[in-house]
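In what follows, a single structure is set out as structure tokens and then discussed.
On a predicted model such as this, the values are computed, not experimentally measured, just so you know. Hydrogens, waters and symmetry mates are skipped; everything else that's a heavy atom, side chains included, is used. Naming: A, B, ... by sequence-line order, numbering from 1 per chain.
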There are 2 protein chains.
Amino acid sequence: MDKIRKPANSSAEPRQGAQAIRRALAVLRILAAGREDGVPLAEVVQATGLTRPTVHRIVHVLIEEGIVERHGKSGRYAIGNQVPELALARPRPSPLLVAARPSLRRASADIGDTLFLTVRTGNDTLCVDRRIGAYPIQVLSIEVGARRPLGVSSAGVAILAAMAAQDARRIVAANEKRLDAYRTGVATVLAQVAAARRRGYNLREIGLVQGTKSISIWIKTPDGRPAAAMTVSAVRTRLGPRREQEVVDILQREARIIEQNIRDGVA
Amino acid sequence: MDKIRKPANSSAEPRQGAQAIRRALAVLRILAAGREDGVPLAEVVQATGLTRPTVHRIVHVLIEEGIVERHGKSGRYAIGNQVPELALARPRPSPLLVAARPSLRRASADIGDTLFLTVRTGNDTLCVDRRIGAYPIQVLSIEVGARRPLGVSSAGVAILAAMAAQDARRIVAANEKRLDAYRTGVATVLAQVAAARRRGYNLREIGLVQGTKSISIWIKTPDGRPAAAMTVSAVRTRLGPRREQEVVDILQREARIIEQNIRDGVA
DNA sequence: GGTTCTTGTCCATATTATGGACAAGATACG
DNA sequence: CGTATCTTGTCCATAATATGGACAAGAACC
């Protein structure tokens, strides 16, 4: 009699026996979003959906291990020294960054406004590169290292727009608890995603900073899933309809080149 | 009736309720020592002292979470992309690095041989900076990011020599299982530590690479505990007794300056 | 086509992590 | 200066989780 076997863990069904580790990582990712300033315990509780004793325990164990630090005055929790230390084990920049570098240089020179490269990491977006353009007014709101729930930033909406609608919905739903903090919600995000999907790129008329406008173009890996987005942010007056189209053309051209580089294994 | 309270967790008694998380971190640190190439499962088992099913489970959960990667061909496990991503949350270089930078520049210029800055992290040493000197023959064996059990590298011995003998013994004992891989052992290491303590710095006549010689000077934090070491490595012929003393003088001068910078909070 | 590696999986079990409830500081307010 | 309202910290009985012994399946080597 044949035994019925599970299909050899085909990367979808979650492996069990490590709840605590997964939770610790969820906590870490929330702390990462707080950058240097860190995050108060209550906010970690809210964002992860875990109970307070659990978060407290996890965070304090991570402190003992040097993975998390606590800011003296504020009592906020932040990513600790050991994390960059562990990161040193990977000396080389990510393949994506290598593939994108020449394009970023070119596009930044051609456009002259601030250019961001934002990757998807789990349910977050993470800004991994920023190029300042030649034009004297630059939008510098987002810094390298900035991490947000997918759906909050212009780049995040673009990335969601480039995946199957169902996947996008699942991710946004998973981020629901975290969206409040950014004054948005599941419905708003999904509407933006739908609009971006129709348009072929994402346009944000009202940036996080008043009077700015952003254009985001997605970048897909060979398997067809979006891995990143390039975003141009500028004061609104710099991005009239005509120039908008110019910028979109440049970004789309470069996005295709980056995708080609990834396929060719330029890394 | 007064309740007897534990002394408010004075940083020594280990907090419990997170065995799995601690184990996962132990695994990560071993993987970090493997750098890009990674580490086979069996070696992680050996180094951590955990059972194989446990390590297997931990490692695979970390893969699902993107914290660990697996190298296609070799099947070795290595630190994954998400770790540097998390590290981006700490944009600023460590205070120690800031405090040490000018001294490294000066010492490298004065000495002309390869200069390393190595920090202690847990029970490991981690090379965080390397300066190539002007002399045409340079010892480049150790790279930035290299991680070893405390006691294996010249810098590690120096750091152990600068702490209370008892603490040093405890750390070396904790690393016992990992020392085999480097062809050394508890007794050898402790002998080297004792010699370095007497001398005031560490001297290694036979470097990991044949025909090289290393000098390591420790750097202490204001609380008196060693946090790092500066090491000069050169071909043996470059470091006769006279020049050895010169190099030691320079390194010791700069070590004191770095310690002063740390005290003054130059960061 | 065995022999010896290393890696992967299963599952009963004991150990561990969990979270409700309570406590203690901090900060604001009348 | 008391008390109300936060946020953070701790305890401990209990359920649920992680554990590891035993077995299985690939690789690699001869």
* To the nearest 10 degrees, what angle separates the axes at the start and end of the helix from dG1(C)-dC30(D) to dG30(C)-dC1(D), five pairs each? -> 50°

* To do: Test His56(B) against Tyr77(B) for ring-ring contact (aromatic ring centres under 6.0 Å, His included), laying out the working first.
  => CA-CA 10 Å; His56(B) 182 265; Tyr77(B) 300 93; 7.7 Å; no

* Between Gln82(A) (side chain) and Thr121(B) (backbone), is there a donor-acceptor pair under 3.5 Å? -> no

* Measure distances between side-chain N and O atoms of Arg52(A) and base N and O atoms of dT7(D), and say whether any donor-acceptor pair falls under 3.5 Å. => no

* Structure fact -> When rounded to whole Å, the CZ to P distance for the pair Arg22(B) and dA18(D) reads 16 Å

* Asked: In whole Å, what is the span from the CD1 atom of Ile63(A) to the P atom of dT8(D)?
  -> 12 Å

* Asked: Do any N or O atoms from the side chain of Arg148(A) and from the backbone of Tyr182(A) form a donor-acceptor pair under 3.5 angstrom?
  -> no

* To do: Nearest whole angstrom, please: distance from the P of dT8(D) to the NE2 of His56(A).
  => 9 Å

* Tell me: CD of Gln46(A) to P of dC6(D), nearest whole Å? -> 16 Å

* Asked: Quick check: does any side chain N or O of Arg204(A) sit under 3.5 Å from a backbone N or O of Ser214(A), one acting as donor and the other as acceptor?
  -> no

* Where the side chain of Arg90(B) meets the backbone of Ile79(A), is there a donor-acceptor pair that is under 3.5 Å apart? -> yes

Distances for protein N/O vs nucleotides 18-20 of chain C N/O pairs under 3.5 angstrom?
{"unit_1": "dT18(C)", "atom_1": "OP1", "unit_2": "Gln19(A)", "atom_2": "OE1", "d": "3.2"}
{"unit_1": "dT18(C)", "atom_1": "OP1", "unit_2": "Arg23(A)", "atom_2": "NH1", "d": "2.7"}
{"unit_1": "dT18(C)", "atom_1": "OP2", "unit_2": "Arg57(A)", "atom_2": "NH1", "d": "2.6"}
{"unit_1": "dT18(C)", "atom_1": "O5'", "unit_2": "Arg23(A)", "atom_2": "NH1", "d": "3.4"}
{"unit_1": "dG19(C)", "atom_1": "OP2", "unit_2": "Thr51(A)", "atom_2": "OG1", "d": "3.3"}
{"unit_1": "dG19(C)", "atom_1": "OP2", "unit_2": "Thr54(A)", "atom_2": "OG1", "d": "2.8"}

* Asked: Is the backbone N or O of Leu50(B) less than 3.5 Å from a side-chain atom of Thr54(B), with the two atoms forming a donor-acceptor pair by type?
  -> no

* Asked: Does Tyr77(A) put a side-chain nitrogen or oxygen below 4.0 Å from OP1 or OP2 of dG9(D)?
  -> yes

* To do: Check the distance between dT6(C)'s C1' and His60(B)'s NE2 and give it to me in whole angstrom.
  => 12 Å

* Which whole-number value in Å describes the distance from Ile21(B) CD1 to dT19(D) P? -> 11 Å

* To do: Return yes when atom CD of Glu176(B) has more than 12 non-hydrogen atoms of other residues, nucleotides or ligands closer than 6.0 Å, and no otherwise.
  => no

* Applying side chain to side chain contact (heavy atoms under 4.5 Å, CB included) between Glu85(B) and each of Asp124(A), Val119(A), Val83(A), Val128(A), report the one that passes. => Val119(A)

* **Between C1' of dG26(D) and CZ of Arg70(B), the distance in whole Å** => 12 Å

* Asked: Where do Arg178(A) and Asn123(A) come nearest, in terms of heavy atoms and distance?
  -> NH1-O, 4.5 Å

